[in-house]
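Quick notes on the structure that follows.
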Amino acid sequence: MEKIANQLITWYKGKKRDLPWRKNRSPYRVWISEIILQQTKVQQGKRYFNDFIQLFPDVNQLAMASQTEVLKAWEGLGYYSRARNLHATAKHISENLKGVFPTEHQEILQLKGIGKYTAGAIMSFAWNKPYPAIDGNTIRVITRLFKIETAGHLTSTYKHIDSLIREMYLYSHPKELNEAIIELGALVCTPTNPQCTSCPLHGECIARQTGSIGQIPKTISKRKPKERHLHFIIIKGINHTIYIEQRNKKDIWNGLYTPYLIEEELDEISEKTLILNLAKEGIKPDTILKKENKIHKLTHQTLHIHIWETKTKSEHQNFIPMKEVQNYPTPKPFIDLFKKIEN
DNA sequence: AATGCGGGGGG
DNA sequence: CCCCCAGCATT
């Protein structure tokens, strides 16, 4: 264990990347970066981190922002509950904790949007406290190193990894060790084509010695995505306005804004159906034109998106000035469309 | 323990 | 096309 820890740390000091969130390890910066990086690659996360910190430099400024502003900063990044929870936690800290980020592991774990991984990351990265930060990288590195053949997502595997890492804290700083393991997983011990020849743990890795790198960690197969058919109607109202609605169900894109939506089981929808639906909102459309079809793939869903366009003289509270549409956070398929509408 | 939640990049 | 990523909340 001592040898492994030493080799990891030495490697890390020489090869670690110069990433923006590593410059100043304040709890706020660690927190924001870790939430952004959940299920997100570093390359993509960088842009969002810098913009986000610029927009909301500290927890109080984040707390004072509106949910729409926070979601706008998150637009295009996905998993929007991360942004909603981030905002809720900022408000909680600002209003109930005098703006001071909690220091106890148990307190941190109770904050919305923070689970075991992120709590461990904050404890170790910000304060060098001995709590493992077990993410996909850590699971991959440790299961290969010790040839752990149980599936990576199991609780028993998690506990096994946790205890092995805690042993290494006897010989290293938790902050550096946690960072080193994750960095190794990202740069060397990658899911496919790991660079074993340049790995600092080349001599210790049991999976490599037994030629089983490819089978570890064990993963589970996933189900095929559900097909959905979404018909969106861009409705332009009087005085350069446009209809938008906020998604508020337990479904994808919760909190974001889209054009008027009708969901059907079928790929095709009749103009009559469109008119009948609009009538329910008291909207009487002019001619409805078909604009564009596209497929948008999510992990668990394949979305068949149909975009229509129409005008109306009817009034409705959901009409906003076209010039303001750029202020509203919208799902990826509509980002470009919203940008064009202002012109 | 299983499921749902986005979007992107690489092989 | 398939993989899976610095995971979490809910059930």
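Here is the naming used below: chain letters follow the sequence lines, and residue numbers restart at 1 for every chain.
Taking side-chain N and O atoms only, A:Q44 has no distance below 4.0 Å to OP1 or OP2 of C:dC5. A:W253 has a side-chain polar atom (N or O) that falls below the 4.0 Å cut-off from OP1 or OP2 of B:dG7.
With rounding to whole Å, A:W74 atom CH2 is found 13 Å from B:dC5 atom C1'. Nucleotide B:dG6 holds its P atom 14 Å from the CZ atom of A:F334, rounded to whole Å. The distance between atom CG of A:L303 and atom C1' of B:dG6, rounded to the nearest whole Å, is 10 Å. A:L256 places its CG atom 8 Å from the P atom of B:dG6, with the value rounded to the nearest Å.
Below 30°, between 30° and 60°, or above 60°: for A:Y131 and A:H105 the angle between ring planes is below 30°, a parallel geometry.
Between A:K340 and A:D336 there is no salt bridge, since none of the side-chain N atoms of the basic residue sits less than 4.0 Å from a carboxylate O of the acidic one. The existence of a salt bridge linking A:E149 and A:K218 is excluded, since no basic side-chain nitrogen approaches an acidic carboxylate oxygen closer than 4.0 Å. Under 4.0 Å is where a charged nitrogen must lie from a carboxylate oxygen, and between A:K15 and A:E183 no such pair does. One finds no salt bridge joining A:E69 and A:K72 here, because no Lys/Arg side-chain nitrogen approaches an Asp/Glu carboxylate oxygen to under 4.0 Å.
At the heavy-atom level, A:G76 lies under 4.0 Å from the strands shown only through sugar-phosphate atoms. Residue contacts for A:Q301: at a heavy-atom cut-off of 4.0 Å it reaches the sugar-phosphate backbone alone, with no base atom in range. Backbone-only engagement by A:D251 is indicated by non-hydrogen atom pairs under 4.0 Å involving sugar-phosphate atoms exclusively.
With rounding to the nearest 0.5 Å, the separation of CD1 in A:I4 from CD in A:E167 is 9.5 Å. Distance check: A:W11 CH2 to A:K16 NZ gives 11.0 Å after rounding to the nearest 0.5 Å. Here the straight-line distance linking atom NZ of A:K23 with atom CG of A:D18 works out to 6.0 Å at 0.5 Å rounding.
Contacts between residues 146-174 of chain A and DNA chain C, defined by a heavy-atom separation under 4.0 Å, are absent. In the region residues 293-300 of chain A, proximity to DNA chain B at under 4.0 angstrom, judged on heavy atoms, holds for A:H296, A:L298, A:T299, A:H300.
Connection of A:Y257 to A:F319 is not established within any shared hydrophobic cluster, with ILVMFWY side chains joined at heavy-atom distances below 4.5 Å, either directly or through further cluster members.
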Base contacts versus sugar-phosphate-only contacts with protein, heavy atoms under 4.0 Å: please encode nucleotides 6-11 of chain C as B, S and - from 5' to 3'.
BBSS-S
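Remark: the A:Y28 side chain and the A:N60 side chain contain no N/O donor-acceptor pair separated by less than 3.5 Å.
Few gaps surround NZ on A:K294; more than 12 heavy atoms of other groups in view lie less than 6.0 Å from it.
Atom name P, nucleotides B:dG4 and C:dA6: the rounded distance is 23 Å, in whole Å. The separation of C:dC8 from B:dG8, taken at their P atoms, amounts to 22 Å, rounded to a whole angstrom.
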